Structure formats: C-alpha cells, structure tokens
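Working notes for the structure below.
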Amino acid sequence: MTGQEIPFLPENSHTDGLAATFAARLVDWQRRCGRHDLPWQGDDPYRVWLSEVMLQQTQVRTVLPYFARFVTRFPSVEALAVAPLDEVLALWSGLGYYARARHLHAAARLWVARWPGTCPQGAQEWAQLPGVGRSTAAAIAAFVQRERVPILDGNVQRVLCRLFAVEEDPRAAATARRLWDAAHALLPRDPDDMPAYTQGMMDLGALVCTRTRPRCDLCPVAELCAAHRLGIAAQLPRKRARAPVPEQDLRWGWYEEDGAVWLVRRAPQGIWGGLWCLPPADEAPPGRWRAAGEIARLTHRLTHFTLNITVTRYLPETLRAAEPAAAWGEEARCLTPHEALALGVPQPLRRLLAQAVDVPIEHAKGNMRRLGVAKGKFEVSERIDDHDEDVARLFRGKEKP
DNA sequence: GAGACGTGGAT
DNA sequence: TATCCAAGTCT
C-alpha cells in the first residue's frame with residue numbers, strides 16, 4: 001500500500017487513510033448532491049473538451065448559452081475543424097480570452113488529423129492540443145477516460161488550501177507544486193470513481209467551499225478540514241495585495257458610409273486578437289474623411305487595466321470618397337452594424353453596434369456612456385441603457401444634405 | 001517566471 | 001461602488 005506522502009502534512013501521518021476517506025466522501029457526496037445535468041456531462045470527448053476550454057476562467061452560468069450555440073453550429077470536432085476561423089470567433093464573441101477560440105480551432109484541426117475517428121488518449125495526449133494545459137487535460141482525461149490524474153483549478157486550490165490550512169499564496173510556484181502533489185495523493189484508487197471525484201472537486205469549490213462564506217455545515221469533508229478545525233476556513237487562501245489598475249485611453253473611428261461602418265481585423269496577438277474592430281481614430285484620417293464629432297465614450301474594465309474608449313464619427317468628404325486605407329491593412333470591410341454583429345467583435349464594440357441597430361443584447365450591463373450635444377459641447381450623459389431610443393436614433397440618422 | 005489575456009458574477 | 005476572481009494557458 002504505497003501511500004504517497006501528502007505535502008502540508010507531517011511525515012508518518014496516516015495519509016493513506018486520509019486520502020481514502022476524503023475521496024470516498026467526496027465521490028459519495030457528488031453522486032448524491034452534485035451537479036449531474038450540465039449539458040456537457042457525459043462521455044462525448046468533443047463536448048467535454050469544448051466545455052473545459054470555455055470554462056477556463058469563466059463561470060458555468062456564463063458558458064451555458066455559448067456552449068449551446070456552439071454545439072448547435074458545430075456538433076462535432078470534424079464540423080469545427082472544417083469551419084472558417086471567423087465563424088468560430090463570431091460564436092466566441094463576448095466570451096473573452098479569444099486566444100482560446102483560436103487555439104480551439106487549431107486544436108480541432110490537429111485532433112482530426114492526428115486522431116481521426118477517435119480522440120487523444122489520456123491527459124498526456126490531450127495536453128498536446130493547443131489551449132489545453134495540465135489542469136484542462138486532466139479534467140478531460142478524468143471524465144472521458146477515467147484516468148487517475150488531478151486537476152488544480154482555482155476551486156481546487158481553495159479547497160486544498162483550506163483542507164491543509166495552507167497560509168502561503170497558492171499562486172506561488174513552490175506552493176503550487178506542493179498543491180499539485182497533494183491533489184495527486186488524494187485521488188481515489190478506483191479509476192471508475194474519477195469522473196465523480198473530479199466533478200466533486202469542482203462542485204465542492206463552486207457550491208460549498210466558496211470564496212466567501214463557505215458552507216462548512218454542508219461540506220462532506222469538513223471533519224477532515226484543518227482550516228475548519230481552526231475556524232479560519234473563510235480566511236483562506238490568503239489574498240495577496242493587488243496593485244491599482246492603470247488606465248489606458250483608446251480612440252476608435254466610426255467611419256460611416258451609407259449607413260455602414262468600416263471594420264478592420266485586429267492582429268492575431270494581443271488583446272482581442274483576430275477580432276473585427278473599429279479602426280483607430282486619426283488626427284488625419286486615412287482617405288478623405290471629415291470628423292463629425294464624438295459619438296460615444298466607453299469605459300471597459302479588464303482585470304489588469306481600465307480602457308477609456310472614445311469613438312469619433314467620420315463621414316466621407318465627398319460622395320463615394322471612402323475607400324479602405326492602406327493603414328488599415330489587408331482586411332477591412334464596410335458593413336452595416338447589423339452585419340457587423342454577426343462577426344467576432346470585442347464586447348464594448350458589440351454593445352455599441354447593438355445600440356446602433358437598437359437590438360438588445362444579453363448581459364447589456366451598461367458601462368457605456370453616450371455624449372449628448374449641449375451648447376456645442378459634448379457632455380457625458382447617463383448610462384446608455386437608459387437612452388436606447390436616443391442613441392439608436394443617433395446612429396441611425398442618415399446624413400440628409 | 002511574471003505578465004498578458006476578457007468578461008461578468010458576487011459581495 | 002470597488003474589488004476579487006472564476007473548470008488556466010501561453011509567452
């Protein structure tokens with residue numbers, strides 16, 4: 001009975017017994033109380049892989065509608081592999097971390113080329129797909145192939161930090177390595193328990209061992225939990241100090257022509273890589289355009305900084321004067337806002353376009369402000385949510401000479 | 001190894 | 001409102 005040493009515990013402690021008890025209780029709890037009706041649960045490797053990628057740094061509730069649309073359009077990895085990247089990005093639009101969509105597309109092509117008619121076998125092979133790291137590979141392999149490999153996402157880090165009363169920052173490399181080892185040592189012996197165990201770790205972190213106000217009264221492993229015993233479960237893991245988020249100004253040009261607007265594809269690397277976006281607003285706009293005033297200011301908060309986006313409207317100086325400028329690159333398209341909404345666009349632009357066509361969008365929590373014209377001067381007015389009609393009219397307004 | 005990468009939920 | 005951070009990976 002080759003018990004593995006569990007980090008964070010004193011040597012010669014009964015680690016075998018702890019691991020067996022922990023796994024047994026978690027598996028039993030998951031089968032009784034855990035989630036069983038998520039649309040990706042089952043043994044379809046494609047759906048499991050897709051869901052795990054979508055769920056990276058993204059909550060279940062957010063993923064659900066995206067997953068439904070995605071599997072309707074791409075029911076299989078083969079369908080995804082032959083699709084144009086643009087369509088994948090369009091379905092991903094609004095979900096964030098767009099490198100995931102680009103990796104997903106590349107991974108689908110690699111999958112069907114290298115494992116035709118089947119799928120990667122085991123975590124080692126899953127991790128060869130772009131966008132699939134150690135934790136995601138382990139989750140897929142545990143669910144689909146019942147492989148005894150641990151996951152270590154944010155939920156599991158929190159669970160383990162409490163279980164062993166870890167005071168260190170779990171993101172520190174040395175601590176993370178020990179957490180991986182601990183996660184491995186806690187796995188159930190029976191491979192058939194791996195799906196329920198893995199789902200149980202996720203369910204426990206998401207439903208019971210929550211960041212704030214953990215429900216230790218509902219926890220199947222509370223008796224094993226050092227933090228609970230010490231009464232410090234809610235205080236772990238310790239949070240690190242965060243630097244204040246810097247701000248950055250962005251200036252977009254709304255180059256409008258016959259009710260359509262020019263969009264350009266962003267470079268594949270960097271923020272919103274591969275997505276379609278408004279061209280930068282220039283002091284000397286490319287082509288023969290004249291500035292026609294600021295039409296919106298958007299505040300877009302990201303994890304590491306805040307974007308202040310100013311949108312300036314441009315109109316052709318003369319009839320049919322507009323043409324894509326070389327500065328915009330090869331890929332530039334002039335589309336109606338409605339057409340543009342069918343592309344992969346960043347969320348702040350999605351909001352702007354939705355307002356332009358007066359189409360309500362999901363989760364339209366407004367952090368967008370419009371500029372009202374008052375005495376020849378622009379002023380920030382109320383949240384745009386309260387002014388759908390005004391703003392829609394603003395964008396719809398044809399320039400009638 | 002530290003920073004970049006999106007967006008929305010939760011408090 | 002401000003802040004943290006979520007089924008992380010890549011460079």
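In the text below, chain A, chain B and the rest are named by the order of the sequence lines, each starting its count at 1. None of the values given here were measured: they were computed from a predicted structure.
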Hey, does the side chain of A:W272 come within less than 4.0 Å of B:dT7's phosphate (OP1/OP2), counting only N and O?
yes
What is the distance, rounded to the nearest whole Å, between atom CZ of A:R301 and atom C1' of C:dA2?
8 Å
Nearest-nucleotide wise, let me know which of A:A174 and A:I271 is further upstream toward the 5' end of DNA chain B.
A:A174
Under 3.5 Å, is there any donor-acceptor pair linking the side chain of A:R158 to the base of C:dA6?
no
Along DNA chain C (nearest heavy atom to each residue), the more 5'-positioned of A:V132 and A:W40
A:W40
Side-chain donor or acceptor of A:S135 under 3.5 Å from a matching atom on the base of C:dT9?
no
From the set C:dA7, B:dT7, B:dT11, return the single nucleotide nearest to any side-chain atom of A:D153.
C:dA7
Taking the P atom of each, how far is B:dG3 from C:dC4, in whole Å?
16 Å
Once you round it to whole Å, what is the distance between P of C:dT11 and CZ of A:R102?
9 Å
Under 4.0 Å: is that the gap between some side-chain N or O of A:R171 and OP1 or OP2 of B:dA2?
no
Output the distance between atom OG1 (A:T21) and atom CG (A:L26), rounded to the nearest 0.5 Å.
12.0 Å
If you measure from the C1' atom in B:dG8 to the same atom in C:dT1, how many Å do you get, rounded?
16 Å
Residues in ring-ring contact (aromatic ring centres under 6.0 Å, His included) with A:W111, at least two apart?
A:W49, A:W126
Rounded to whole Å, how long is the line connecting atom CG of A:N155 with atom C1' of B:dA10?
14 Å
Nearest to the side chain of A:L55, which nucleotide is it out of C:dA7, B:dT7, C:dT9?
C:dA7
Whole-Å C1' distance, B:dA2 and C:dA7
23 Å
Which part of the nucleic acid, if any, lies within reach of A:L95 when heavy atoms closer than 4.0 Å are counted: base, sugar-phosphate only, or nothing?
base
Between A:Q56 and C:dG8, is there a contact of a side-chain N or O with OP1 or OP2 at under 4.0 Å?
no
Short side-chain N/O contact to B:dG6 OP1/OP2 from A:H300, under 4.0 Å
no
Of the listed nucleotides B:dC5, C:dA7, B:dG9, the one nearest the side chain of A:T62
B:dG9
Whole-Å distance separating the NE2 atom of A:H304 from the C1' atom of C:dC4
12 Å
Does A:Q59 make a side-chain N or O approach to OP1 or OP2 of B:dT7 shorter than 4.0 Å?
no
Can you name the residues that form a side-chain contact (heavy atoms from CB on, under 4.5 Å) with A:R32, not counting sequence neighbours?
A:D28, A:W29
If you look at every strand shown and take non-hydrogen atoms under 4.0 Å, does A:L38 touch a base, only sugar-phosphate, or nothing?
base
Have a look at A:R211 and say if it touches a base, only the backbone sugar-phosphate, or nothing, with a 4.0 Å heavy-atom cut-off.
base
Between A:Y98 and B:dT7, is there a contact of a side-chain N or O with OP1 or OP2 at under 4.0 Å?
yes
Mind checking A:A173 for me? I need base, sugar-phosphate or nothing, with any heavy atom below 4.0 Å counting as a touch.
sugar-phosphate
Could you check how far CZ of A:R61 sits from C1' of B:dT7, rounded to whole Å?
15 Å
Interatomic distance where CD belongs to A:Q57 and C1' belongs to B:dG9 [whole Å]
14 Å
Using 30° and 60° as the class boundaries, would you call the ring planes of A:F8 and A:F164 parallel, tilted or perpendicular?
parallel
Can you check whether any acceptor in the base of B:dG8 is under 3.5 Å from a donor in the side chain of A:T58, or vice versa?
no
Tell me if a side-chain donor or acceptor on A:R265 pairs with a main-chain N or O of A:G274 at a distance below 3.5 Å.
yes
Given atom CG of A:L236 and atom P of C:dC5, what is their separation to the nearest angstrom?
13 Å
Report the residue from A:R178, A:R238, A:R177 that forms a salt bridge (charged side-chain N to carboxylate O under 4.0 Å, His left out) with A:E168.
A:R178
Categorize A:G94 for me: base, sugar-phosphate, or nothing, with a 4.0 angstrom heavy-atom threshold over every strand shown.
sugar-phosphate
Nearest to the A:T303 side chain among C:dA7, C:dA6, C:dC10, which nucleotide is it?
C:dA6
Find the distance A:F305:CZ to B:dG6:P and express it as a whole number of Å.
9 Å
Heavy-atom count check: over 12 atoms from other residues, nucleotides or ligands less than 6.0 Å from A:D43 CG?
no
